[in-house]
Amino acid sequence: MKRTKQMSESIRLGVILAVSGGLMDAYSYIGRDQVFANAQTGNMLLLGISLAQKNWVDAVRYLFPVLAFTIGIAMADIVRIKLKKMSVLHWRQVSALTEALILIAVSFMPQSMNLWANSLASLACGIQVESFRKIRGNGAATTMCIGNLRSATQNVCEYWFTRDKERLEKGGLYFGLIVCFITGAVIGNEVLKVLHERTILVSSGLLLIAFAIMFIDKEQEKK
């Protein structure tokens, strides 16, 4: 498997982000009125059902996070374009820090503000999905599992026929990210029982750790 010198593509960073991603989805779905922070396919499905049932309140509840997620992607891309040559902080560090600060704000929002809390959480997830798209040079996601599941299965199947160990390593990488995502969901479910709305602070802490880890990278990324 390709070894990267870029900390923004390292396995340990991917693990932290995947755990955070799973926790965010568990937090928003279980603790914030059954809306997904990351899984926008689920939100769009529920949006369609709400529209079909003429349930306009629920339609808005699912529409806003989808729009916020889209805005988050755009924000991350703008940050990349504007701050790519920044010498003090890498643009992905700015993304991680911004995401952490957004989630800190979410932690102080009461249940009466779930629409805005979920929208901000989805905004943060949009920033993450656009900013961190590779692990060791391989396209991967830390906020959702379907693409990772496809890639994992494909690589394992190719290993079966070719016995190429690199394929097996890649398959293991993708399955590992899925396990980390699920682990984050488990952690989120348990912490919600104790911290309630403040549970999202765990994700904020993980993102701040990711922000700090990227200082290790002394090489300016060219991408």
Side-chain angles (χ1 to χ4, degrees), residues 7-43 65 68-69 72-73 76 92-93 95-107 109 114 117-136 138-153 171-214:
M7 286 305 303
S8 59
E9 297 181 13
S10 71
I11 287 180
R12 62 177 171 179
L13 189 64
V15 166
I16 291 170
L17 293 173
V19 171
S20 177
L23 193 152
M24 282 189 278
D25 252 351
Y27 172 81
S28 62
Y29 189 81
I30 300 171
R32 292 286 190 176
D33 211 16
Q34 296 186 324
V35 175
F36 293 106
N38 283 309
Q40 300 306 320
T41 300
N43 286 339
F69 189 87
I73 293 172
R92 288 189 175 97
Q93 285 181 295
S95 292
L97 182 59
T98 302
E99 192 179 351
L101 294 175
I102 290 171
L103 296 181
I104 289 172
V106 170
S107 73
M109 292 183 174
N114 276 350
N118 285 327
S119 296
L120 283 175
S122 290
L123 178 74
C125 292
I127 293 172
Q128 181 169 319
V129 76
E130 179 66 9
S131 299
F132 302 95
R133 298 187 295 177
K134 289 184 178 181
I135 304 294
R136 286 195 170 180
N138 301 288
T142 57
T143 57
M144 57 194 75
C145 292
I146 187 167
N148 292 338
L149 182 59
R150 183 202 64 78
S151 297
T153 305
L173 170 65
Y174 288 115
F175 277 127
L177 288 174
I178 293 171
V179 170
C180 290
F181 186 91
I182 294 171
T183 300
V186 172
I187 293 171
N189 180 68
E190 294 305 311
V191 178
L192 271 164
K193 299 173 184 177
V194 180
L195 297 183
H196 308 291
E197 288 82 6
R198 299 287 193 275
T199 296
I200 199 65
L201 290 173
V202 178
S203 276
S204 295
L206 290 171
L207 289 162
L208 291 174
I209 291 172
F211 169 79
I213 283 177
M214 282 185 282

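Numbers here simply count residues along the sequence, with the first being 1. Just so you know, these numbers come straight off a predicted model, no measurement behind them.
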Flag side-chain contact, heavy atom, 4.5 Å: Ile16 against Ile213: yes
Flag side-chain contact, heavy atom, 4.5 Å: Leu23 against Thr199: yes
Please name all residues satisfying side chain to side chain donor-acceptor pair (under 3.5 Å) with Glu190, sequence neighbours left out, ordered by chain then number. Lys193
Does anything in residues 11-43 form a ring-ring contact (aromatic ring centres under 6.0 Å, His included)? List the pairs, not counting sequence neighbours. Tyr29-Phe36
Can you list the residues that meet the side chain to side chain donor-acceptor pair (under 3.5 Å) rule with Glu130, with sequence neighbours excluded? none
By side chain to side chain donor-acceptor pair (under 3.5 Å), which residues pair with Arg150, not counting sequence neighbours? Gln154
Looking at residues at least two apart in the chain, or sitting in another chain, which of them share a side chain to side chain donor-acceptor pair (under 3.5 Å) with Asn114? Arg32, Gln111
Sequence neighbours left out, what passes side chain to side chain contact (heavy atoms under 4.5 Å, CB included) with Thr41? Give chain and number order. none
What salt bridge (charged side-chain N to carboxylate O under 4.0 Å, His left out) pairs are there with at least one residue in residues 196-207, not counting sequence neighbours? none
Taking only residues two or more places apart in sequence, or in another chain, which ones meet Ile30 in a side chain to side chain contact (heavy atoms under 4.5 Å, CB included)? Ala26, Asn189, Leu192
For Phe69, the side chain to side chain contact (heavy atoms under 4.5 Å, CB included) test, sequence neighbours excluded, returns Gln40, Ile73, Ser122, Cys125, Val129, Met144
Straight-line distance of Asp25 CG to Cys145 SG, nearest 0.5 Å: 8.5 Å
Donor-acceptor pairs under 3.5 angstrom involving side-chain atoms of residues 95-107: please list them, not counting sequence neighbours.
residue: Ser95; atom: OG; partner: Trp91; partner atom: O; Å: 3.4
residue: Ser95; atom: OG; partner: Ser131; partner atom: OG; Å: 2.9
residue: Thr98; atom: OG1; partner: Val94; partner atom: O; Å: 2.7
residue: Ser107; atom: OG; partner: Ile104; partner atom: O; Å: 2.6

Results of ring pair (Phe, Tyr, Trp, His ring centres under 6.0 Å) for Phe175 - residues two or more places apart only: none
Write down the atom of Ala152, the atom of Gly171, and the distance for their closest heavy-atom approach. CB-O, 3.8 Å
